[in-house]
Each structure stands twice: as C-alpha cells, then as structure tokens.
Amino acid sequence: MLTELQPFIGRFHPLLVHLPIGFLLLAGALELLSRVPRFEGVGLRRLMPTVLGLTALTTLGAIVTGNLLSWSGEYDAALVGRHQQWGLMLGVAVTLACVAAWWRTRAEGAAPDRLYAGAFVVALVLVAGTGHFGGSLTHGETYLTEHMPAPFSGRASASTTRGPVDPSATLVFKTLVAPTLDARCVTCHGPARQAGKLRLDSPEAIRKGGESGAVIVPGSASASLLVRRIFLPTSDKKAMPPRGHPAPSHAEVSLLRWWIDQGASFDLVLADAQVTPDLEPAMADRLGPVDLGAPSILSVRVQPGDPAAIEAVKALKLRVEPLQAGSSLLMVQAPPAARAFDDTALKALEPLSAQIAWLDLGGTQVTDAGLSLLLPRLVNLWKVSLDRTAITDRSLLPLGKLQRLESVNLYATSVTDAGLKALDGLPRLRSVFAWQTQVTPAGADALQAAAKKARVNLGAPPAPITDMTTDQARTDATAKKKA
C-alpha cells in the first residue's frame with residue numbers, strides 16, 4: 001500500500017511547492033503595507049502569525065511530498081540533496097519567523113523584532129535558492145542561462161558565422177544529432193533528471209538505454225523507441241517530449257532518423273555517410289554549406305602568410321585569424337572599428353592573396369574600383385561578404401572566376417540580376433545572400449537553375465509549416481485556430 005501511495009502523494013509536490021512561495025510573498029506585502037502610515041491602525045501585523053503559520057505548514061507539506069517524489073530515483077542525487085537541504089533550512093527559517101511574529105504581537109522590545117526581521121530575510125533568500133535548485137531538477141541546470149545574451153554568458157553569439165566544414169573530420173552524431181538531443185531531451189534525460197532511468201547526454205548512456213530497454217535499434221529508425229515516441233499523439237502519456245515541452249522540428253527528426261538508419265555509429269564521419277538530397281537543407285541549417293562531392297577548402301595547402309603582412313593588416317583594425325587551427329588559410333574580417341577601411345587600404349591585403357579564404361568587408365568603404373583589382377588575386381577565396389558596401393555588378397565579374405567560392409553575401413548592395421549572372425559558372429557555389437538588393441526572384445531562379453546546388457536568399461518569409469508530424473507543428477496549428 002505504501003509503495004502505491006508514495007508516487008501518488010509525491011506527484012503533489014509541484015502543486016504544493018508554490019503555496020509557501022505565495023504565502024511568503026503575501027507576508028512580505030503585508031509587512032511593507034504595515035509600515036505605511038495610512039495602514040498603521042489597520043492591524044496588519046496581527047495577521048502575520050497566521051500567514052507565516054500557513055507558510056510553515058505548506059513548506060512542511062512540500063518537504064514531505066518532495067522527499068516522496070525523490071524516491072522515484074529519476075533525479076540527480078547530489079542536486080536533490082542540495083534542494084532538500086535548502087528546503088529544510090527554509091522550513092526552519094519560516095517557523096522562526098512565525099514564532100517571532102507571534103512573540104512581537106504580545107511583547108514590546110527589540111528582541112522579537114530582530115528575530116522576526118532576521119528570520120524573514122533569511123527565509124526570502126532560502127526560498128529563492130530552494131526554488132532555483134528545484135527548477136534545475138525540473139528544467140535542467142542551464143535553464144535560467146540558456147537564452148542569456150552571449151556577452152554575459154561567455155558563449156559565442158548565435159549569429160557567429162560558421163567556418164568551413166571538413167566532411168572527413170565532421171562527426172555526424174556530434175554535429176547533427178547531439179545538438180537536438182541536448183536541446184529537446186536532456187532536460188528530462190540528463191544529469192539532473194533521468195526519467196525512465198534513461199540518459200541521452202552521452203554515447204555510453206544512449207547505448208545503455210533505460211528501464212524500457214534499448215532506445216535505438218542501429219539500422220532501423222522505425223523500430224527505435226527514441227523515434228517511435230516522438231510520433232506518438234500528444235495525448236499519449238509516453239509521447240516525447242511531453243506536452244508543454246518544445247518538440248524537435250521536422251528537420252531535426254529527419255537527421256535523427258537518418259543517423260539511426262545509417263547504423264547509429266557515434267564515430268561516423270560525414271564523408272562516409274550516404275547523404276540524400278532531401279537532407280542537405282537540414283545539414284546546411286546546422287553546418288552551413290557542405291559540398292560532399294568536392295574536396296574541402298581545408299584540403300588546400302598554401303605557404304604561411306608573411307607575419308609582417310599579417311601585422312600590417314591588423315594595424316588597419318582588421319581581424320586576421322587562421323581558418324582553422326593548423327591551417328595557413330586565413331579569415332580576414334572588418335569589425336565595426338574598421339568601418340573606415342577603403343580601396344586604398346585594400347592594397348595591404350595583396351601580399352596575403354594566396355592565404356585569404358574568407359574575406360568579410362561588410363559595412364566598409366570599399367568600392368568596385370578597389371575590389372576589381374584585389375578579387376582576381378584571391379585564388380583560394382571560399383567565402384566573401386560585401387554586404388552594406390557601395391559595390392555594383394562590376395565587383396561580381398571577378399568573383400565569377402574564383403573556382404573555390406561557395407558563399408557570397410551581397411545584402412544591401414546595388415547588384416542586379418545582370419551581375420548575378422556572372423556567378424553562373426561557379427562549380428562550388430552554394431549560397432548567395434541578396435536581400436535588399438535589386439536582384440529579382442526571376443534572377444535568383446536563373447542562377448539556381450545554372451548552379452544546381454546554389455541557393456539564393458532574397459529575404460522572403462519562410463514557407464508555412466506543412467509537415468504536421470511533430471508536436472510543435474500541431475501546437476502552432478492549434479494556436480492559429482484559437483486566434
């Protein structure tokens with residue numbers, strides 16, 4: 001009987017845990033009002049023992065149900081221990097505050113006031129800490145900081161431009177599958193919580209499976225529990241992710257299924273995988289343009305750039321870095337501090353023309369005159385950004401001769417369909433960003449027809465969701481109906 005009651009009563013913890021928080025906030029509001037001259041004669045202080053008594057009782061209820069819930073074994077023992085310790089200290093602090101509140105209604109003096117004030121402040125601190133640890137158990141330890149702006153979190157900005165992809169060194173699981181599991185599954189199946197005795201935060205844990213057995217069947221996504229539960233109706237209690245949690249997108253699910261069908265190897269590299277055309281957009285969303293049929297730009301070998309030339313470029317406030325550790329190819333980027341960079345300064349890049357693979361001069365003062373002289377020299381140019389500059393179609397003519405070029409950013413320039421035609425013959429062109437230009441949909445279609453794998457982005461709104469296999473899609477559709 002006790003075994004059956006334990007999980008039933010424990011599930012009331014999320015409900016009860018909010019009551020002491022509410023009562024404590026009410027007590028704080030009453031305390032503040034009691035100090036306002038207008039309410040001094042109302043007798044609000046006489047309510048404090050009752051309110052704090054209710055806080056103490058509900059805190060006790062939350063402690064009892066929380067301990068019962070922890071017996072399920074789904075949660076990280078260390079984090080549960082901290083949550084329980086803070087909860088017990090909160091119960092003691094609230095009880096002391098309640099006793100002090102009752103004492104000061106019956107005795108004058110500094111002692112009851114000091115005890116009350118100290119216990120009350122400590123209780124406020126403890127309820128915040130207890131709530132934080134409880135939230136970490138439920139939502140993961142990074143829940144509060146997940147969307148913190150990059151300058152404060154220390155993470156790279158989401159808008160940070162991605163570097164080149166070397167298919168022979170790109171692990172499929174690490175780059176295409178693990179990010180989805182981390183974002184959608186690890187909250188309930190990770191270090192803090194292991195629902196169903198299952199963890200999905202490491203290859204070892206995934207291989208081990210959970211209380212229902214193996215979650216993946218290598219070579220068969222349709223037979224894998226991990227995939228099958230994603231497609232269960234949201235009304236099914238076994239559907240994953242549970243109702244209320246963001247579901248993986250169609251692209252994320254496609255990559256997961258493809259990886260499992262490929263054998264679910266954690267060591268598989270992209271160069272050895274069989275990639276069908278329908279998966280290329282999902283991969284590009286994760287990795288940027290990837291050409292599996294041509295050697296990576298990183299396979300190009302050049303002599304290291306002249307250190308003096310590199311320092312001369314840096315002196316112009318440009319950022320110069322290796323394209324990848326160990327490579328002599330360079331990324332040259334103009335940060336906001338280098339917005340005055342112009343055609344005259346372009347001459348400083350000429351000694352590094354063989355090494356420059358990624359050139360970002362967006363927002364600078366360069367024009368056709370300077371670029372028409374520099375660009376033909378950049379024989380290993382892989383990626384170029386000329387957005388928000390004064391260039392015209394004239395600057396695209398030399399780009400049409402750079403056989404390694406894969407990505408061109410022309411945002412907010414004066415280029416037209418005629419200029420875009422110069423890129424028709426580029427064998428490795430994958431992406432052209434041409435929003436807020438004079439390029440028309442017809443011009444974009446013409447380039448995409450000529451360069452089969454190229455995609456021209458004109459800044460059009462995304463296509464409406466047509467695949468309704470995920471919870472997210474169903475949620476969006478329901479929201480639209482209600483609106």
Side-chain angles (χ1 to χ4, degrees), residues 161 163-164 297 300 302-323 328-426 428-429 431-439 443 447 456:
T161 314
I297 186 65
V300 176
V302 296
Q303 293 295 319
D306 181 6
I310 293 175
E311 291 304 316
V313 174
K314 289 182 177 180
L316 296 172
K317 300 181 180 180
L318 266 61
R319 177 184 171 195
V320 183
E321 294 182 356
L323 199 60
S328 295
L329 295 172
L330 299 175
M331 177 190 75
V332 178
Q333 183 181 40
R339 292 310 181 222
F341 188 86
D342 58 13
D343 289 343
T344 302
L346 280 175
K347 295 179 180 178
L349 300 179
E350 292 181 4
L352 300 173
S353 57
Q355 288 79 26
I356 296 176
W358 184 348
L359 181 63
D360 182 356
L361 298 178
T364 64
Q365 305 303 310
V366 297
T367 68
D368 295 334
L371 290 171
S372 61
L373 298 175
L374 174 68
L375 291 177
R377 298 170 178 263
L378 307 183
V379 293
N380 292 317
L381 193 62
W382 163 73
K383 194 168 189 175
V384 62
S385 295
L386 301 173
D387 53 291
R388 297 166 290 126
T389 62
I391 68 163
T392 67
D393 293 344
R394 181 183 168 192
S395 289
L396 300 189
L397 293 175
L399 290 181
K401 299 178 181 180
L402 303 179
Q403 298 299 297
R404 300 189 189 280
L405 192 60
E406 294 186 18
S407 176
V408 182
N409 188 344
L410 305 170
Y411 160 67
T413 62
S414 298
V415 299
T416 69
D417 292 352
L420 213 60
K421 189 170 179 58
L423 307 179
D424 281 0
L426 292 177
R428 299 179 61 177
L429 187 65
S431 58
V432 177
F433 302 94
W435 61 94
Q436 293 187 28
T437 66
Q438 296 181 39
V439 175
L447 176 59
V456 181

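All values reported here derive from a predicted model rather than from experimental measurement.
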Restricting to non-hydrogen atoms, name the atom on [X] and the atom on [Y] that form the minimum distance, rounded to 0.1 Å.
X: A338; Y: L318; answer: CB-CD1, 3.8 Å
X: T437; Y: A412; answer: CG2-N, 4.0 Å
X: L352; Y: G305; answer: CD2-CA, 3.9 Å
X: A348; Y: V313; answer: O-CG2, 3.5 Å

Nearest-0.5 Å distance, [atom1] of residue [X] to [atom2] of residue [Y]:
X: L359; Y: M331; atom1: CG; atom2: CE; answer: 10.5 Å
X: N380; Y: L405; atom1: CG; atom2: CG; answer: 11.5 Å
X: L386; Y: L396; atom1: CG; atom2: CG; answer: 8.0 Å
X: R404; Y: W382; atom1: CZ; atom2: CH2; answer: 13.0 Å
X: E406; Y: I297; atom1: CD; atom2: CD1; answer: 7.0 Å
X: L349; Y: L378; atom1: CG; atom2: CG; answer: 7.5 Å

Could you pull out all residues at least two apart from [X] that satisfy side-chain hydrogen bond (donor to acceptor under 3.5 Å, both in side chains)?
X: T416; value: D393
X: D387; value: none
X: T367; value: D343

Which residues satisfy the salt bridge (Lys or Arg N to Asp or Glu O under 4.0 Å) test with [X], sequence neighbours excluded?
X: E350; value: none
X: K347; value: none
X: R319; value: E321

Heavy-atom check, side chain of [X] versus side chain of [Y], under 4.5 Å:
X: W358; Y: S407; result: no
X: D424; Y: L447; result: yes
X: L346; Y: F341; result: yes

Quick one: side chain to side chain donor-acceptor pair (under 3.5 Å) pairs with a partner in residues 302-314, sequence neighbours left out?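 Every candidate side chain to side chain donor-acceptor pair (under 3.5 Å) pair involving residues 302-314 fails, so no pair, neighbours aside, qualifies.
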Using the side-chain contact (heavy atoms from CB on, under 4.5 Å) criterion, which residues pair with A354? Sequence neighbours excluded.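 A354 satisfies side-chain contact (heavy atoms from CB on, under 4.5 Å) with no other residue.
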Residues at least two apart in sequence or cross-chain that pass side-chain contact (heavy atoms from CB on, under 4.5 Å) with V379, listed by chain then number, are none
Could you list the donor-acceptor pairs under 3.5 angstrom formed by side chains in residues 370-377, with sequence neighbours left out?
residue: S372; atom: OG; partner: D368; partner atom: O; Å: 3.0
residue: S372; atom: OG; partner: A369; partner atom: O; Å: 3.0

Give the intermediate values and the outcome of side-chain contact (heavy atoms from CB on, under 4.5 Å) for residues L381 and I356. CA-CA 6 Å; L381 193 62; I356 296 176; 4.2 Å; yes
- Message: Set out, in order, the CA-CA distance, both residues' side-chain angles and the distance that settles side-chain contact (heavy atoms from CB on, under 4.5 Å) for Q438 and S414, then state yes or no.
- Response: CA-CA 6 Å; Q438 296 181 39; S414 298; 4.2 Å; yes
Mark yes or no for whether R388, through its side chain, and L410, through its backbone, hold a donor-acceptor pair below 3.5 Å.
no
Notebook entry, point to check: Is the backbone N or O of R339 less than 3.5 Å from a side-chain atom of Q365, with the two atoms forming a donor-acceptor pair by type?
Noted result: yes
Practice prompt. Could you tell me how the ring of Y411 sits relative to the ring of W435: parallel (under 30°), tilted (30 to 60°) or perpendicular (over 60°)?
Written response: tilted
Where do L420 and V415 land on the side-chain contact (heavy atoms from CB on, under 4.5 Å) test, with the steps shown first? CA-CA 7 Å; L420 213 60; V415 299; 5.5 Å; no
